[in-house]
There are 2 protein chains.
Amino acid sequence: MSLKHAVLALLEAEEGSGYDLMKRFQARLGYFWNASHQQIYQQLKKMHSEQLISLAVETQSDKPDRKVYSITPKGCRDLQQWLAEPVKPNKINDALLVKLYAGELAEPASLQAEIARHRTIHRQTLNTFLGIEREYHASPSAEQRTLQLPFLTLRRGILGEQAWLAWADEVDAVLAQRQP
Amino acid sequence: MSLKHAVLALLEAEEGSGYDLMKRFQARLGYFWNASHQQIYQQLKKMHSEQLISLAVETQSDKPDRKVYSITPKGCRDLQQWLAEPVKPNKINDALLVKLYAGELAEPASLQAEIARHRTIHRQTLNTFLGIEREYHASPSAEQRTLQLPFLTLRRGILGEQAWLAWADEVDAVLAQRQP
DNA sequence: CCTCAATATGCAATAAATTGCATAAAATTG
DNA sequence: CAATTTTATGCAATTTATTGCATATTGAGG
């Protein structure tokens with residue numbers, strides 16, 4: 001249940017509304033933690049009821065109310081405690097590999113097309129990451145220091161995507177040879 | 001919902017009881033699809049009610065009954081249809097990266113220890129994979145041909161683990177420099 | 001032979017995630 | 001300016017997954 005702690009980490013840096021948090025989640029943790037907007041809204045509600053976060057409703061005469069969440073000292077302790085505990089190695093659920101495993105029953109061309117589709121996505125993701133990496137390297141070294149740990153998560157993304165693409169080349173070679 | 005199709009793929013190759021399937025699942029798909037024994041038993045029950053698989057109860061006088069599931073033609077069609085459809089690129093939920101992202105709040109030594117723990121696990125996994133790869137290369141070429149696609153999933157595991165370990169080296173370098 | 005782990009099932013309760021809406025203001029575009 | 005998309009929120013139902021038991025057999029070790 002790290003969704004909770006992921007949100008706490010975001011709130012520790014800065015307070016925000018549900019939507020804010022969703023956006024920040026997507027931008028900063030989205031690559032390595034997936035969460036839908038419902039999950040985030042529901043999680044916020046739950047965390048509020050557990051007093052890990054507090055809620056300030058900014059009444060606005062014209063617009064609908066804005067609910068801004070902040071982390072509480074209790075939430076902060078919860079986060080720090082989580083950080084001190086070991087996390088379980090994460091489980092992988094990769095449907096593409098299931099498909100490849102059972103690939104004998106599929107049309108080879110359909111497998112090839114599927115790999116191509118995924119390759120496009122992975123290449124785009126990699127390009128995005130490389131762009132962020134360039135920005136990072138162009139930023140002042142004080143900022144680089146601040147972002148050193150998030151940068152490591154970016155590196156994970158880059159190395160992971162590169163490995164994926166290298167693997168896809170192997171797959172293509174095998175599939176091409178199977179049905180020439 | 002590929003758990004269903006993963007199980008169907010296993011049953012397509014050979015019938016089996018819940019426990020059989022669980023074991024085969026672990027051995028063959030376990031690296032890239034995680035499923036607990038409850039999930040598998042429950043899924044089998046559900047698939048049976050949907051007539052995707054059939055059930056033969058072997059009554060045994062001394063031992064408890066053995067329930068053997070086989071794939072039905074309907075199940076086979078379902079599997080093939082799934083194989084023909086595109087699968088969504090899989091979502092990643094990696095708590096370790098969440099932790100690293102929020103790492104400023106943690107003890108650097110605790111982060112290092114955590115990385116070390118995970119490194120051990122990943123190195124072991126890689127070694128297991130490399131062992132299987134050696135077996136594969138030592139097997140007769142007819143068998144290599146049969147296992148070509150499952151072998152590709154193994155390659156994914158190998159490349160993925162190698163990339164992880166290379167990343168862990170980067171992480172160690174940064175963490176060591178942060179608190180000398 | 002007794003005990004303890006491993007094999008081989010499975011139920012029930014809970015928690016978490018997904019799906020499918022639903023609303024309504026703000027910004028954009030034709 | 002009307003129509004559409006994007007922003008911003010959230011409920012309720014369903015599906016999936018996890019947790020915590022609960023049995024009963026088999027095999028191995030002391």
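Proteins come first, then strands; the chains are lettered A, B, ... in the order of their sequence lines, and each starts at number 1.
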Review point. In Å and rounded to the nearest 0.5 Å, what is the NE2 to CD distance from B/His5 to B/Glu12?
Key: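 Reported to 0.5 Å precision, the distance equals 13.0 Å.
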When the distance from [atom1] of [X] to [atom2] of [N] is rounded to whole Å, what number comes out?
X: B/Lys4; N: D/dT15; atom1: NZ; atom2: C1'; answer: 12 Å
X: B/His5; N: D/dT16; atom1: NE2; atom2: P; answer: 11 Å
X: B/Leu21; N: C/dA8; atom1: CG; atom2: P; answer: 12 Å
X: A/Asp20; N: D/dT7; atom1: CG; atom2: C1'; answer: 11 Å
X: B/Lys23; N: C/dT7; atom1: NZ; atom2: C1'; answer: 8 Å
X: B/Lys45; N: C/dT9; atom1: NZ; atom2: P; answer: 14 Å
X: B/Glu50; N: D/dT15; atom1: CD; atom2: P; answer: 10 Å
X: A/Gln26; N: D/dT7; atom1: CD; atom2: C1'; answer: 13 Å

Practice item. For each nucleotide in nucleotides 12-20 of chain C, reading 5' to 3', give B when a protein heavy atom comes within less than 4.0 Å of its base, S when such contact involves only the sugar-phosphate, and - otherwise. Key: B---SSBBB
Exercise for review: Look at the rings of B/Phe151 and B/His137 and say which category their plane angle falls in: under 30° parallel, 30 to 60° tilted, over 60° perpendicular.
Suggested key: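 Aromatic pair B/Phe151/B/His137 classed perpendicular.
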Review point. With a 3.5 Å cut-off and no angle check, do the side chains of A/Asp94 and B/Asn90 form a donor-acceptor pair?
Key: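 There is such a pair between these side chains.
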Review point. Does a donor on one side chain sit under 3.5 Å from an acceptor on the other, for A/Glu85 and A/Gln81?
Key: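 Yes - a donor-acceptor pair under 3.5 Å links their side chains.
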Exercise for review: Apply side chain to side chain contact (heavy atoms under 4.5 Å, CB included) to B/Glu114 and B/Arg117, showing your working.
Suggested key: CA-CA 5 Å; B/Glu114 185 80 322; B/Arg117 260 185 10 94; 3.1 Å; yes
Check your understanding: In which stems does DNA chain C show up, taking only runs of three or more Watson-Crick or G-U wobble pairs whose two distances fall under 3.5 Å?
Key ->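 If one scans DNA chain C for consecutive Watson-Crick or G-U pairs, the stems found are C:1-30 with D:1-30.
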Exercise for review: Examine D/dT9: is either OP1 or OP2 under 4.0 Å from a nitrogen or oxygen in the side chain of A/Tyr41? Give yes or no.
Suggested key: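 Answer is yes, contact under 4.0 Å.
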Salt bridge between [X] and [Y], side-chain N to carboxylate O under 4.0 Å?
X: B/Arg123; Y: B/Glu161; result: no
X: A/Glu104; Y: A/Arg178; result: yes
X: A/Glu50; Y: A/Lys74; result: no

Practice item. Compare the minimum distances between each of C/dT9, D/dG10, D/dT9 and the side chain of A/Lys67, then state the nucleotide with the smallest one. Key: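 Looking only at heavy atoms from C-beta outward on A/Lys67, the closest nucleotide is D/dG10.
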**Study point:** Option passing side-chain hydrogen bond (donor to acceptor under 3.5 Å, both in side chains) with B/Asp172 (candidates B/Gln177, B/Arg119, B/Gln112)
**Key:**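 Only one of B/Gln177, B/Arg119, B/Gln112 forms a side-chain hydrogen bond (donor to acceptor under 3.5 Å, both in side chains) with B/Asp172, namely B/Arg119.
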